[in-house]
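Worksheet for the structure shown next.
Each chain gets a letter, A, B and so on, in the order its sequence line appears, and its residues count up from 1.
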Protein chains: 2
Amino acid sequence: MFKLTRKVEYALIALRHMQNKGSEVVTNTKEIAEAYDIPVQLLAKTLQHLAREGIIDPVQGPHGGYRLTANLEDLNLTDFIELLEGPMGLMDCYFDSNCEQLGVCNIRLPIVKINDSIRNMFNKMSLADLTK
Amino acid sequence: MFKLTRKVEYALIALRHMQNKGSEVVTNTKEIAEAYDIPVQLLAKTLQHLAREGIIDPVQGPHGGYRLTANLEDLNLTDFIELLEGPMGLMDCYFDSNCEQLGVCNIRLPIVKINDSIRNMFNKMSLADLTK
DNA sequence: TTAAATACGACTTTATTGGTCGTATTTAAT
DNA sequence: ATTAAATACGACCAATAAAGTCGTATTTAA
Ligand code: SF4
Ligand code: SF4
């Protein structure tokens with residue numbers, strides 16, 4: 001419990017890798033997969049996802065790959081995680097409202113507070129902080 | 001992802017319920033299960049777990065149940081979660097060291113820092129904070 | 001024309017979480 | 001003593017989520 005998914009980790013690894021090479025350079029999936037021992041197909045899907053979200057730019061054809069386009073300073077960790085994995089909350093009721101206990105729950109408010117603190121903390125962290 | 005487990009939520013609900021009734025009072029599983037619509041058997045196991053950990057005290061036989069014994073001021077959220085669910089970390093390598101990527105990982109340190117911040121935050125919260 | 005790359009959905013496998021069942025034990029009340 | 005209301009606990013099952021694979025299509029430089 002309470003773990004980042006592999007998908008998020010792989011995405012971060014890839015972004016950091018690309019950032020180290022500079023933002024003009026095109027890096028292909030295979031290179032990253034081999035460098036970090038990540039299943040190629042899975043990394044491929046993850047990078048495609050990042051591309052769809054406009055964080056990296058695809059270059060097709062031979063010698064293709066991805067180029068880092070987003071300014072990582074401007075992307076915070078909450079947004080990044082949510083764009084890969086959907087709503088991030090300690091409990092169901094933070095977004096969803098079909099928890100059986102919702103009406104009678106006696107711990108909702110304190111947990112909302114904790115969740116807010118974590119989100120707040122993540123909001124203040126840019127991806128650039130993580131990749132430098 | 002990133003959710004507290006039901007077990008942890010049920011445990012918190014139960015502790016808060018018991019705390020509201022005062023620490024001398026004996027409360028049985030069924031009462032809590034009914035009040036919050038929690039599956040009895042599951043709550044039972046959870047309370048047994050809390051009892052084993054010395055947080056509540058079992059009273060057997062008819063009119064039995066549990067009595068709150070631990071001082072919730074002295075129990076922090078990290079310890080509480082870990083005693084119910086085991087090691088809590090954003091990534092495998094925080095405790096375990098058989099991640100495939102461990103040797104080459106380029107994001108480990110930043111993630112360790114984030115994880116430390118969260119643990120630190122949880123360390124500073126007592127269960128009493130959550131149940132009052 | 002070929003080959004190296006991305007694109008993408010369907011699928012399978014594995015791990016985790018959530019929940020149930022059966023049976024034993026304790027003990028207050030009758 | 002017997003009964004019934006409770007805890008104790010491990011084995012089991014079900015549902016969900018995460019991790020990974022496959023097949024096929026498309027793009028494009030050489
Ligand atoms: S209502 Fe209570 S039990 Fe349900 S998800 Fe929210 S905090 Fe958890
Ligand atoms: S080594 Fe890197 S990839 Fe592996 S668990 Fe730690 S942070 Fe995640």
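For B:P58, counting side-chain heavy atoms from C-beta on, the closest listed nucleotide (D:dT7, D:dA19, C:dT6) is D:dT7. Considering only the side chain of A:R6, D:dG20 comes nearest among D:dG20, C:dG19, D:dC9. Relative to the side chain of A:L42, the nucleotides C:dG19, D:dG20, C:dT17 differ in distance, and D:dG20 lies closest. Distances from the side chain of A:Y66 to the nucleotides C:dT17, D:dA18, C:dT6 place C:dT6 closest. Between D:dA18, C:dT17, D:dA11, one nucleotide has an atom nearer to the side chain of B:K45 than all others, and that is D:dA11.
Distance A:L43 CG to D:dA19 P: 14 Å, rounded to the nearest Å. Rounded to whole angstrom, the span from the CD atom of B:E85 across to the C1' atom of C:dA15 amounts to 14 Å. The CD-C1' distance, from B:Q48 to D:dC9, rounds to 6 Å in whole Å. Going from atom NE2 of A:H49 over to atom P of D:dA19 covers 15 Å, rounded to whole Å. In this structure, A:F2 places its CZ atom 18 Å from P of D:dA17, rounding to the nearest Å. One interatomic measurement links the two molecules: CE of A:M88 to C1' of D:dA18, which rounds to 18 Å at whole-angstrom precision. The OH atom of B:Y10 sits 14 Å away from the P atom of C:dT17 (whole-angstrom rounding). One atom, CZ of A:R52, and another, P of C:dA7, lie 9 Å apart when rounded to the nearest Å.
Here CG of B:L75 is found 8.5 Å from CG of B:L15. Values are rounded to the nearest 0.5 Å.
With contacts defined as side-chain heavy-atom distances shorter than 4.5 Å, the pair B:T5/B:Y10 does not qualify. Side-chain atoms of B:L43 and B:V40, non-hydrogen and from C-beta on, never get closer than 4.5 Å to each other.
Salt bridge absent: A:E9 and A:K3 never bring a charged side-chain N and a carboxylate O closer than 4.0 Å.
Taking a pair to require two hydrogen-bonding distances under 3.5 Å in either a Watson-Crick or a G-U wobble arrangement, D:dT24 pairs with C:dA7. For D:dA30, the paired nucleotide is C:dT1, the pair qualifying as Watson-Crick or G-U wobble because both relevant distances are below 3.5 Å.
At the heavy-atom level, B:K30 lies nowhere under 4.0 Å from the strands shown.
Residue-to-nucleotide proximity on DNA chain C shows that, of A:Q41 and B:K7, the 5′-proximal contact is made by A:Q41.
Under the 3.5 Å distance criterion, the side-chain polar atoms of B:H49 are matched with a main-chain donor or acceptor of B:L83. For B:N115 (side chain) and B:I111 (main-chain N/O), no donor-acceptor pair under 3.5 Å exists by modelled atom type.
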Measure all distances between protein nitrogen or oxygen atoms and nitrogen or oxygen atoms of nucleotides 28-30 of chain C, and list the pairs falling under 3.5 Å.
none

Checklist line | Intermediate values then yes/no, side chain to side chain contact (heavy atoms under 4.5 Å, CB included), B:C99 and A:R6 | finding: CA-CA 11 Å; B:C99 170; A:R6 270 345 230 175; 3.2 Å; yes
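Shown here are the side chain to side chain donor-acceptor pair (under 3.5 Å) partners of B:N20, two or more places apart in sequence or in another chain: there are none.
Side-chain N/O atoms of A:T29 include one lying less than 4.0 angstrom from OP1 or OP2 on C:dT6.
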